[in-house]
Amino acid sequence: MNQKAYLRMMLVVTVAYGVLIALLAMFGVGGIGVVAIVGGIIVGLGWALTGVLAKRDPTT
């Protein structure tokens, strides 16, 4: 997978995670804290991996 596609995928995952948390909060589902923590860690690791694997511009 190229870098551009991975960045788009991470953006979609982040937005979907935000929508999921919003829907769970709106409907008053119990255990939302656990979902938020676990999902936040997963999304954060994905963005960290994106930063580590980002292609560096050789001219800089």
Side-chain angles (χ1 to χ4, degrees):
M1 181 181 303
N2 65 12
Q3 186 65 23
K4 203 172 217 182
Y6 187 71
L7 286 171
R8 284 187 189 133
M9 181 190 71
M10 281 306 302
L11 181 61
V12 168
V13 167
T14 302
V15 170
Y17 168 70
V19 169
L20 172 69
I21 295 299
L23 288 173
L24 290 176
M26 189 171 67
F27 292 120
V29 175
I32 192 170
V34 174
V35 174
I37 291 169
V38 172
I41 290 171
I42 292 170
V43 169
L45 288 173
W47 279 112
L49 186 62
T50 300
V52 168
L53 297 178
K55 292 181 181 175
R56 305 285 186 238
D57 186 9
T59 60
T60 59

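Legend: residues meeting side-chain contact (heavy atoms from CB on, under 4.5 Å) with Ala36, ordered by chain and number and at least two apart, are Tyr17, Ile21. For Val15, the side-chain contact (heavy atoms from CB on, under 4.5 Å) partners are Leu11, Val19, not counting sequence neighbours. Val12 pairs by the side-chain contact (heavy atoms from CB on, under 4.5 Å) definition with nothing, not counting sequence neighbours.
The list of side-chain hydrogen bond (donor to acceptor under 3.5 Å, both in side chains) pairs with a residue in residues 20-31, not counting sequence neighbours, is empty. Residue pairs satisfying the side-chain hydrogen bond (donor to acceptor under 3.5 Å, both in side chains) criterion with at least one member in residues 33-46, sequence neighbours excluded, are absent. Residue pairs meeting the side-chain hydrogen bond (donor to acceptor under 3.5 Å, both in side chains) criterion with at least one member in residues 26-47, sequence neighbours excluded, are Thr14-Trp47.
Within the hydrophobic cluster formed by Ile, Leu, Val, Met, Phe, Trp and Tyr side chains joined at under 4.5 Å, directly or through other members, Leu45 is accompanied by Ile37, Ile41.
Met9 is connected to Val43 through a chain of hydrophobic side-chain contacts under 4.5 Å among Ile, Leu, Val, Met, Phe, Trp and Tyr, so both are in one cluster. Hydrophobic clustering (ILVMFWY, side-chain heavy atoms < 4.5 Å, transitive): Met10 and Leu20 are in one cluster.
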Under 3.5 Å donor-acceptor pairs involving side-chain atoms of residues 23-33, not counting sequence neighbours:
none

